[in-house]
Amino acid sequence: MAHGGGAALRQGLPVTNTALLGHHRAMQLAPTLAWLVDAAQNCSGADRLLAELGAHLVGDGVPLAAGALTLEVPHPLIAKRTWLWRAESGEVIEALGFAPGGLAPDPPNDAGRRWLRDIAGGEVHEDAVGRSDGPLLGWIGPRPFTADEIERLRQAARFAATPLAVLAGRATLQATLDAYLGKRSAERVLAAPLRRDLGETIQAALLYADLRNFTILSETTPPAQVIAALDAWFDRIAGAVHAFGGEVLKFIGDGVLAIFPVLEASPRRACDAALRAAGAAEAGMAYLNAERRAQGLPPLAFGAALHLGEMLWGNIGAANRLDFTAIGPAVNLASRLEGLCKQLGRTVLVSGALAAETDMPLIALGSHSLRGIAMPCEVFALAKAEAPTS
């Protein structure tokens with residue numbers, strides 16, 4: 001009776017059985033699968049994983065014309081992302097599927113499949129990665145795949161589950177922090193330890209704005225309508241801030257604190273961006289109020305203040321409960337200056353510090369004392385005529 005390698009091991013004999021050596025050789029992974037195990041999770045994103053996976057499969061002899069990867073993503077507006085990779089050029093393009101209430105109708109779930117058929121025609125091979133409702137990985141070749149090639153694609157999908165889960169976890173964390181903190185602040189939080197003694201002093205143009213008469217609105221209006229009004233207001237002000245490169249740092253009740261960090265030697269670009277954002281917010285609110293009047297709803301008035309200064313940008317809070325924010329005299333001044341809008345009958349007020357750094361036309365309104373601020377502040381308004389906000 002022939003003894004295998006297992007018997008030799010049990011008897012403490014040297015293992016020289018050729019069958020055992022052949023078994024070890026058979027366990028060696030194909031280069032594509034080895035890459036998925038060892039290195040795929042280090043890709044910068046799912047798009048790069050798709051491109052590199054496709055290139056590895058081609059290198060292993062699988063004839064591919066293109067591939068597609070569809071993932072569900074955690075995002076306030078986007079429900080899914082689909083990437084398409086073309087073997088000929090290595091190019092990756094992307095399509096977005098929007099969530100209900102997003103910016104555009106949600107495209108069909110077969111976006112990747114339709115793309116692949118447009119490229120090469122014929123049958124598309126698809127595999128769910130990890131679970132039946134998981135990411136969808138699709139491929140198309142210049143000819144129909146053989147049974148062996150289909151099995152290799154299925155193995156690749158199975159081995160892709162772990163690195164895709166790692167990348168999805170990173171994307172979830174990044175998207176969550178972006179949604180609650182803003183992109184710059186989220187990057188700062190991810191790059192530093194979670195300790196409250198960490199922060200940095202930055203210079204920025206600040207925009208502080210809030211709604212007028214919100215207390216009356218909230219007490220006389222059904223809660224659902226109040227939330228709808230707040231969301232519409234935040235859409236206009238935050239949309240204007242983001243359009244000009246700023247970042248909303250905080251929603252404070254019905255108020256907004258946004259920053260335009262100074263990234264160059266001169267603060268002029270940040271100051272001009274803040275001024276343009278304030279003007280865009282005014283225009284957006286004018287359109288919103290026209291819609292509200294047409295619906296028989298009262299218009300929403302707001303005040304906004306712009307200031308340039310330094311602030312501490314970082315973690316504050318309790319030992320085990322942190323908040324990432326900006327604090328300092330510049331933030332206080334912007335808040336107090338906004339409180340002057342109603343008194344002066346202006347929607348947007350600008351501090352002398354910011355006005356000194358821009359060539360955009362402004363109207364001088366003199367020097368004013370601000371509550372809690374030691375020195376009077378030179379105050380300016382946007383050059384166009386404005387109606388009182390009260």
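Hydrogens, waters and symmetry mates are skipped; everything else that's a heavy atom, side chains included, is used.
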Query - Hydrophobic cluster membership, Leu137 vs Leu64, 4.5 Å side-chain cutoff - result: yes

Query raised in the report: How many angstroms lie between CG in Leu306 and CG in Leu349, if you round to the nearest 0.5 Å?
Result: 8.5 Å

Query - Asp60 side chain to Thr32 backbone, donor-acceptor under 3.5 Å - result: yes

Query raised in the report: Any ion pair linking Asp323 and Lys250 (charged N to carboxylate O, less than 4.0 Å)?
Result: yes

**Report entry** Expected output: side-chain Ser218 to main-chain Thr215 donor-acceptor under 3.5 Å
**Finding:** yes

Query raised in the report: Between Leu206 and Leu333, is any pair of side-chain heavy atoms under 4.5 Å apart?
Result: no

Report task. Evaluate salt bridge (Lys or Arg N to Asp or Glu O under 4.0 Å) for Glu338 paired with Arg371, printing each intermediate quantity in order. Result -> CA-CA 11 Å; Glu338 188 277 328; Arg371 182 169 60 89; over 6 Å; no

**Report entry** Neighbour count >12 (heavy atoms, 6.0 Å) for atom CD, Glu123
**Finding:** no

Report task. Using the rule that two of Ile, Leu, Val, Met, Phe, Trp, Tyr join whenever any of their side-chain heavy atoms come within less than 4.5 Å, decide whether Leu288 and Leu297 are in one cluster. Result -> no

Query raised in the report: Would Arg152 and Asp148 pass as an ion pair if we require N to O under 4.0 Å?
Result: yes

Query raised in the report: Would one find more than 12 heavy atoms of other residues, nucleotides or ligands at under 6.0 Å from atom CD of Glu200?
Result: yes

Query raised in the report: Which heavy atom in Ala205 sits nearest to a heavy atom in Ala274, and how many Å separate them?
Result: CB-CB, 3.9 Å

Report task. Compare every heavy atom of Phe145 with every heavy atom of Ile140, then report the nearest pair and how far apart it is. Result -> C-CZ, 3.6 Å

**Report entry** Min side-chain heavy-atom separation Arg346-Leu382 under 4.5 Å
**Finding:** no

Query raised in the report: Under 3.5 Å, side chain of Glu247 to main-chain N/O of Arg184, donor-acceptor pair present?
Result: yes

Query raised in the report: Is it true that Arg158 and Asp127 have a side-chain N and a carboxylate O under 4.0 angstrom from each other?
Result: no

Query - Donor-acceptor under 3.5 Å (Arg236 side chain, Ala281 main chain) - result: no

Query raised in the report: Any idea which heavy atoms bring Ala229 and Leu217 closest together, and the distance?
Result: CB-CD2, 4.3 Å

**Report entry** Distance in Å, Cys271 SG paired with Arg276 CZ, rounded so as to fall on 0.5 Å steps
**Finding:** 11.5 Å

Query raised in the report: Is the backbone of Thr70 close enough, under 3.5 Å, to the side chain of Trp83 for a donor and an acceptor to pair up by distance?
Result: no

Query - Student check: side-chain heavy atoms of Leu249 and Ser185 closer than 4.5 Å - result: yes

Query - Any donor-acceptor N/O pair, Asn289 side chain to Leu300 backbone, under 3.5 Å - result: yes

Query raised in the report: Any side-chain heavy atom of Met311 within less than 4.5 Å of one from Ile327?
Result: no

**Report entry** Phe234 ring center within less than 6.0 Å of Phe251 ring center
**Finding:** yes

Query raised in the report: Would you say the side chain of Leu69 lies within less than 4.5 Å of the side chain of Pro135, judging by non-hydrogen atoms?
Result: yes

Query raised in the report: Are Trp35 and His56 close enough that their ring centers fall under 6.0 Å?
Result: yes

Report task. For residues Leu337 and Ser351, report the shortest heavy-atom separation together with the two atoms involved. Result -> CD2-N, 3.6 Å

Query raised in the report: So, do Phe302 and Thr347 sit near enough that their side-chain heavy atoms are less than 4.5 Å apart?
Result: yes

Query raised in the report: Linking I/L/V/M/F/W/Y whenever their side-chain heavy atoms sit closer than 4.5 Å, directly or via other members, would Trp115 and Leu50 fall into one cluster?
Result: no

Report task. Walk me through it: do Leu257 and Val248 pass the test side-chain contact (heavy atoms from CB on, under 4.5 Å)? Result -> CA-CA 6 Å; Leu257 173 62; Val248 171; over 6 Å; no

Query raised in the report: Would you call Glu126-Arg117 a salt bridge at under 4.0 Å N-O?
Result: no

Query raised in the report: If you look at every heavy atom in Ala277 and Phe260, which pair is closest and at what distance?
Result: CB-CZ, 3.7 Å

**Report entry** Reported CD1-to-CH2 distance for the pair Ile93 and Trp85, which is rounded to 0.5 angstrom
**Finding:** 13.5 Å

Query raised in the report: Are Leu354 and His307 side-chain neighbours, meaning at least one heavy-atom pair lies under 4.5 Å?
Result: no

Query - Point-to-point distance, once rounded to the nearest 0.5 Å, from CG of Leu57 to CD of Glu52 - result: 12.0 Å

**Report entry** Glu149 side chain to Thr146 backbone, donor-acceptor under 3.5 Å
**Finding:** yes

Query raised in the report: In the single-linkage hydrophobic clustering (I, L, V, M, F, W, Y; side-chain heavy atoms under 4.5 Å), do Phe380 and Met360 co-cluster?
Result: yes

Query raised in the report: Is a side-chain N or O of Arg269 found less than 3.5 angstrom from the main chain of Leu263, in a donor-acceptor match?
Result: no

Query raised in the report: Does the side chain of Met285 come within less than 4.5 Å of Glu282's, by heavy atoms?
Result: no

Report task. For residues Leu84 and Ala66, report the shortest heavy-atom separation together with the two atoms involved. Result -> CD1-CB, 4.3 Å

Query raised in the report: Can Ile373 be reached from Leu312 by stepping across I, L, V, M, F, W or Y side chains whose heavy atoms are under 4.5 Å apart?
Result: no

